[in-house]
Amino acid sequence: MKTIIIGGVAGGASAAARLRRLDEKAEIIILEKGEFVSFANCGLPYYIGGEITDREELTLQTPESFKARFNIDVRIFNEAVKINPEENTITIKNLQNGESYTEKYDNLILSPGAEPIIPNIKGIESANVFTLRNIPDTLKIKHYIDTEKPESAVVIGGGYIGVEMAENLAKSGLDVSIVELADHLIAPLDFDMAADVHRYIKEKGIKLFLNNGVTAFEHNRILLQKGEINADMVIMSVGVRPETAIAKACGIETNSRGSIIVDSKMHTNIPNIYAVGDAVEIKNFITNAPSFIPLAGPANKQGRIAADNIAGYESEYTGTQGSAVLKLFDMTVATTGLNEKSAQLSKIDYDKVYIYSSSHASYYPNGNMMSIKALWDKKSLKIIGAQITGFDGVDKRMDVIASAIRFGGKITDLTQLELCYAPPFSSAKDPVNMLGFTAENIISGKIKQFFWNEVETLPRDNSVTLLDVRTVTEFKRGKIDGFINIPLDSLRARIDEIPKDKPVYVHCHSGLRSYIACRILQGNGYDCYNLAGGWRLYESVINEKTVPEYICTECK
């Protein structure tokens, strides 16, 4: 049995290694048009920033190591140029000598990946404009920084790779700006959760040009829809698209984006041809809708599943939920599942909750606060998405929530999780438990919420009571217009100052003290609403919405 795999990296290399473990006698060939068959593409920005100093560390496997350990024939600089399904053959071009030849296959796995989107913008072919997809791209950028000594850089696109590149360029000593067409960085985040990221990244000296796009590159001038920037180099990071021309040409079915359509066993519409990785259309685990979520973890799993089925073992891919984590200097940003925009597009009737919790016991030194947001389906109570920004402990909390989603967990199930506790690592009531407790209070009707985007529309005509239960000191540092201050610990003694015949809208710093205030008020016959996420979230979002855009004063 002969299996040919077009493309290595995550999906193709995983498929090859798995297939060998399942079938010692199989003939396995990997065709890779570049020099590197298996490399850590997620680590590429960190080589540029100096976190990874040895370029050899980026190479996970070589043709020689594949041959020695797995007896796999890896042919680098060999490009598959045509698939002939009727004959079960592939036409291949050796890029080193220019010669073409044909190979026959019993099974074929396509793992061509995705290529950077290169917009049709004037000047984009300039020598100081780069993309980042593979090791040669990385070495080219690193060489340019080392030899040309640029002082400034602009990253076009504020997704995961764009933000990681911005961080690592800044660590290399460059003055860095990010230009993003949307109103916030990192699309899987909602704007309210991205506000903390914006504040932090600007504190690190990186300038943000949001709601803005590039119209032209003119040497060191980047012309924007609104304004312009001077920079010595540019990194294009506006997204990727499936590299599937060879698949389309032989009749393999693709969608409007160009992604290869596969079934749960990674079969294409042509017998004995499979496809995996960033080139394929996946099923969203939560909505079951066709989606495009290019991530390394799913690609590895898909490669394994394709190999299983070729070797005669039943195996199915159940969908991608989009779990991802980002390091931004000392900050960690993590997401899984749907955000509000995607939930709305999917017409899911959802509710949401925010909490602000410490990474470990508050009395143990060096704890850091994390902001957590979760969404759930109101009908089933199943968790449909979560977002966390913070520092220590973000990734492990998100992994717990992502696991709960995968196993169909309800938001209220989080209250029952027995998670590891010791003061240096967590609290007796872990932030994940607290997320469940807070949601359970909402679902059971113990508390009613209002949200940051509703604050400005609350009446200021005395038809409602607007109450701030923070301390006097906190109140003096900043307040929401129209809210009166009665500190929580004085509330019972001063409760007669609050009219009983009007709804009361309450906030504190994070939402915890105002929850206690609402329980006191409700116990005394008041109709009370708690500001989800509290003053901290409100101030972060409103500050971000009102902060003026960066303007290049030198370019005026």
Side-chain angles (χ1 to χ4, degrees), residues 1-20 22-23 25-34 37 72-95 98-115 241-283 290 292 294 298-299 301-317:
M1 187 73 71
K2 181 178 181 180
T3 297
I4 297 179
I5 302 169
I6 298 176
V9 196
S14 293
R18 174 67 170 176
L19 186 57
R20 170 58 70 225
L22 297 176
D23 187 349
K25 301 301 182 182
E27 182 180 358
I28 305 170
I29 300 172
I30 299 178
L31 303 174
E32 173 54 57
K33 65 181 178 181
V37 65
I72 292 172
D73 180 4
V74 176
R75 303 177 189 178
I76 58 174
F77 298 119
N78 275 250
E79 181 179 8
V81 294
K82 186 179 180 182
I83 300 169
N84 309 288
E86 295 82 6
E87 293 85 25
N88 281 15
T89 62
I90 304 173
T91 303
I92 304 161
K93 183 177 182 180
N94 185 317
L95 299 179
E99 296 179 357
S100 295
Y101 63 99
T102 299
E103 283 282 357
K104 194 169 181 62
Y105 65 84
D106 296 300
N107 291 287
L108 175 64
I109 301 176
L110 305 182
S111 180
E115 59 186 349
R241 61 183 164 215
E243 195 170 359
T244 54
I246 189 173
K248 295 177 188 176
C250 76
I252 292 174
E253 188 178 358
T254 59
N255 63 18
S256 58
R257 183 191 286 270
S259 299
I260 298 170
I261 297 174
V262 294
D263 64 15
S264 61
K265 296 182 178 181
M266 311 313 297
H267 287 130
T268 69
N269 60 305
I270 295 180
N272 303 321
I273 299 182
Y274 299 76
V276 301
D278 293 353
V280 306
E281 173 188 276
I282 57 88
K283 179 181 73 173
F292 178 65
K301 294 178 182 68
Q302 292 161 11
R304 179 184 177 94
I305 288 165
D308 284 352
N309 285 292
I310 288 172
Y313 295 89
E314 289 288 324
S315 186
E316 293 188 84
Y317 188 66

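Under the side-chain contact (heavy atoms from CB on, under 4.5 Å) criterion, Ala247 pairs with Leu110, Thr244, Ile252, Ile260, sequence neighbours left out.
Taking each heavy atom of Lys93 and Gly98 in turn, the nearest pair found is CE-O, 3.9 Å.
To the nearest 0.5 Å, atom OG of residue Ser264 and atom CG of residue Asn309 are 8.0 Å apart. The CD1 atom of Ile28 sits 8.0 Å away from atom CD1 of Ile30, with the distance rounded to the nearest 0.5 Å. Atom CD1 of residue Ile90 and atom CG of residue Leu108 lie 4.5 Å apart, to the nearest 0.5 angstrom. Atom-to-atom distance recorded for Lys265:NZ and Ile310:CD1 is 12.5 Å, nearest 0.5 angstrom.
Annotation: side-chain hydrogen bond (donor to acceptor under 3.5 Å, both in side chains) contacts involving residues 250-259, sequence neighbours excluded, comprise Asn255-Glu281. The stretch residues 251-283 participates, sequence neighbours left out, in these ring pair (Phe, Tyr, Trp, His ring centres under 6.0 Å) pairs: His267-Tyr274.
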Inset, instruction - Show your reasoning for whether salt bridge (Lys or Arg N to Asp or Glu O under 4.0 Å) applies to Arg20 and Glu27. - result: CA-CA 9 Å; Arg20 170 58 70 225; Glu27 182 180 358; over 6 Å; no

Inset, instruction - Test side chain to side chain contact (heavy atoms under 4.5 Å, CB included) on Ile29 and Glu103 and set out the steps. - result: CA-CA 10 Å; Ile29 300 172; Glu103 283 282 357; 4.2 Å; yes

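For the side-chain contact (heavy atoms from CB on, under 4.5 Å) with Val262, the lone residue among Ile282, Val276, Val280, Ile305 that qualifies is Val280.
With hydrogens and angles ignored, the 3.5 Å screen pairs no side-chain donor or acceptor of Asn78 with any backbone N or O of Asn94. Distance alone, capped at 3.5 Å, is enough to place a donor-acceptor pair between the Lys2 side chain and the Lys104 backbone. Remark: the backbone N or O of Gly12 is paired with a side-chain donor or acceptor of Ser111 at under 3.5 angstrom. One N or O on the side chain of Asn269 and one on the backbone of Gly251 form a donor-acceptor pair closer than 3.5 Å.
With contacts defined as side-chain heavy-atom distances shorter than 4.5 Å, the pair Ile92/Thr102 does not qualify. Inter-residue side-chain proximity for Ile83 and Ile273 is flagged as met; some heavy-atom pair is nearer than 4.5 Å.
Side-chain atoms of Asn84 and Thr89 include a donor-acceptor pair closer than 3.5 Å.
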